[in-house]
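Worksheet for the structure shown next.
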Amino acid sequence: MKNIRSYVLAETNWKQVKNDNYRVALLPWGATEAHNYHLPYATDNILAEEVAIAAAGISWKSGAKPIVLPTVPFGVNTGQLDVPLCMNMNPSTQLAVLKDLVQVLDHHQIYKLIVVNAHGGNNFKQIIRELSLIFPKVFICSINWWKVENAENYFDESGDHAGELETAAVMHLRPELVLPLEEAGNGKARNYKLKGLQEGWVSAQREWTKVTEDTGVGNPKAATAEKGQKFFDKCVDTIAGFISELDKTSLDDLYE
């Protein structure tokens, strides 16, 4: 029988919760979208949740008091609406959802929140700025989990979407949901013609089906579960360290 993890809200119970003084909340946030031909639509949700739970578990064992909230499964997919069943949540809706959740945390005196993001279309920076005016006691930060470590040290070509990085990570975590790599597209993507967009100092939304035929950006063919495990575990260890550091740091003493 699997042990109930007291730091995972979806698994634990009121008997445990009423006696635990949680200090740091983690909110996994993903998306529901196509990931090339070979990965599940829930790829980002799987990655966000698994990273958050694994990191919380390590920090819990070291004495921190994190609580992982249920995963938000919808992200900003405004550029992919012509791909069947790519589910979109507008940034304004994300603000409304996060506002409601932070209100609960604030009410229960959990003043530290980490949004563990696994979807490139999600950007919480401006949302956090606005919420800081509404809930000045609550410290909110966000982590793009795949940026925690340098992917170049682990992958031949990490890719932008459903490439080697994401494929390897899901092969490690949920291999039963990954189709054989010979069924995957090559993730070849078209770039903008405009120089500023090519160089990255101009930003715009990509129209996904004009960029890629298989919905992937980055070739997944070199992915292995072993590569995924090494990268995933290192990211988890680093995030766990941040959770522990945030847990013991006073919000009145954040700056050197």
Side-chain angles (χ1 to χ4, degrees), residues 29-48 73-94 117-127 142-174 177-225 227-228 231-232 235:
W29 205 309
T32 300
E33 59 176 353
H35 275 74
N36 203 315
Y37 298 127
H38 63 293
L39 291 181
Y41 266 58
T43 288
D44 293 343
N45 302 326
I46 293 167
L47 296 175
F74 304 118
V76 178
N77 284 91
T78 50
Q80 291 143 299
L81 293 182
D82 50 351
V83 179
L85 295 179
C86 282
M87 309 304 294
N88 176 56
M89 179 182 283
N90 288 328
S92 56
T93 308
Q94 289 186 315
N117 179 43
H119 174 56
N122 294 336
N123 188 337
F124 295 98
K125 185 174 183 179
Q126 302 306 323
I127 293 174
S142 66
I143 296 172
N144 290 331
W145 85 271
W146 69 92
K147 292 184 176 180
V148 171
E149 294 294 325
N150 185 355
E152 292 182 0
N153 295 332
Y154 298 83
F155 304 105
D156 299 336
E157 180 189 341
S158 59
D160 184 14
H161 180 73
E164 188 182 346
L165 188 161
E166 285 192 313
T167 299
V170 181
M171 290 172 77
H172 163 54
L173 296 168
R174 301 285 178 84
L177 297 180
V178 183
L179 294 180
L181 291 184
E182 56 264 26
E183 297 188 33
N186 62 16
K188 185 178 180 180
R190 302 173 65 193
N191 201 351
Y192 286 104
K193 293 181 178 180
L194 304 177
K195 183 179 178 181
L197 287 163
Q198 289 179 352
E199 295 179 351
W201 51 273
V202 178
S203 63
Q205 175 178 272
R206 290 179 289 186
E207 295 182 62
W208 212 249
T209 54
K210 293 182 179 180
V211 172
T212 168
E213 293 184 3
D214 53 34
T215 77
V217 177
N219 195 333
K221 298 300 178 70
T224 66
K227 289 181 181 179
F231 182 71
F232 176 85
C235 289

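All heavy atoms count here, side chains included; hydrogens, waters and symmetry mates do not. The first residue of the sequence shown is numbered 1, and numbering continues consecutively from there.
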The side chain to side chain donor-acceptor pair (under 3.5 Å) partners of Glu183 (sequence neighbours excluded) come to none

Heavy-atom side-chain contact between Gln94 and Val76 under 4.5 Å = yes

Look up atom CG in Asn36 and atom OG1 in Thr167, then write down how far apart they are to the nearest 0.5 Å.
-> 7.0 Å

Report yes or no: does Asp214 contribute a side-chain atom to a donor-acceptor pair with the main-chain N or O of Asn186 at less than 3.5 Å?
-> yes

Quick one: side chains of residues 146-155, donor-acceptor pairs under 3.5 Å with protein atoms, not counting sequence neighbours, listed by atom name and distance.
residue, atom, partner, partner atom, Å
Glu149, OE2, Thr238, OG1, 2.7
Asn150, OD1, Glu152, N, 3.1

Go through the steps to decide whether Leu39 and Leu177 satisfy the test side chain to side chain contact (heavy atoms under 4.5 Å, CB included), and finish with yes or no.
-> CA-CA 7 Å; Leu39 291 181; Leu177 297 180; over 6 Å; no

If you take all heavy atoms of Pro220 and Ala184, which pair is closest and at what distance?
-> CG-CB, 3.9 Å

Qualifying residues under salt bridge (Lys or Arg N to Asp or Glu O under 4.0 Å), relative to Arg174, sequence neighbours excluded | Glu50

Return each pair, listed once, that meets salt bridge (charged side-chain N to carboxylate O under 4.0 Å, His left out) where at least one residue sits in residues 162-171; pairs must be two or more places apart or across chains.
-> Glu164-Lys227

Judged by modelled atom types alone, do Asn144 and Ser142 share a side-chain donor-acceptor pair under 3.5 Å?
-> no

Trp29 and Phe74 aromatic centres sub-6.0 Å = no

Could you check Gln205 against Thr78 for side chain to side chain contact (heavy atoms under 4.5 Å, CB included), going step by step and ending with a plain yes or no?
-> CA-CA 8 Å; Gln205 175 178 272; Thr78 50; 2.3 Å; yes

CA sep, side-chain torsions, deciding dist, call: Thr209, Asp82, side-chain hydrogen bond (donor to acceptor under 3.5 Å, both in side chains) = CA-CA 7 Å; Thr209 54; Asp82 50 351; 2.5 Å; yes

Just how far is it from atom CD of Gln80 to atom OG1 of Thr215, taken to the nearest 0.5 Å?
-> 8.0 Å

Residues Arg206, Asp160: salt bridge by 4.0 Å N-O rule | yes

Side-chain contact test, heavy atoms from C-beta onward, threshold under 4.5 Å: evaluate it for Trp208 versus Val217 and give yes or no.
-> yes

Any donor and acceptor pair, going by atom type alone, linking the side chain of Asn77 with main-chain N or O of Gly79 inside 3.5 Å?
-> no

Separation between CE (Met171) and NE2 (His38), nearest 0.5 Å, reads 8.5 Å

Report yes if the side chains of Leu81 and Cys86 come closer than 4.5 Å at any heavy-atom pair, otherwise no.
-> no

Under 3.5 Å, is there a donor-acceptor pair linking the side chains of Asn117 and Asn122?
-> yes

How long is the gap from CD1 on Ile127 to OG on Ser92, to the nearest 0.5 Å?
-> 8.5 Å

Looking only at heavy atoms, the pair that brings Pro40 and Ile46 closest together is CG-CD1, 4.2 Å

By salt bridge (Lys or Arg N to Asp or Glu O under 4.0 Å), Glu33 pairs with (sequence neighbours left out) none

Say you draw a straight line from OG1 of Thr93 to CG of Asn88; how long is it, rounded to the nearest 0.5 Å?
-> 8.0 Å

Would you call the rings of Phe231 and Trp145 parallel, tilted or perpendicular if under 30° counts as parallel and over 60° as perpendicular?
-> tilted

Side chain to side chain contact (heavy atoms under 4.5 Å, CB included) between Asn45 and Leu47, intermediate numbers included = CA-CA 5 Å; Asn45 302 326; Leu47 296 175; over 6 Å; no

Using the test ring-ring contact (aromatic ring centres under 6.0 Å, His included), find all partners of His35 that sit at least two apart in sequence or belong to another chain.
-> His161

Does Gln198 CD have over 12 foreign heavy atoms under 6.0 Å away?
-> yes

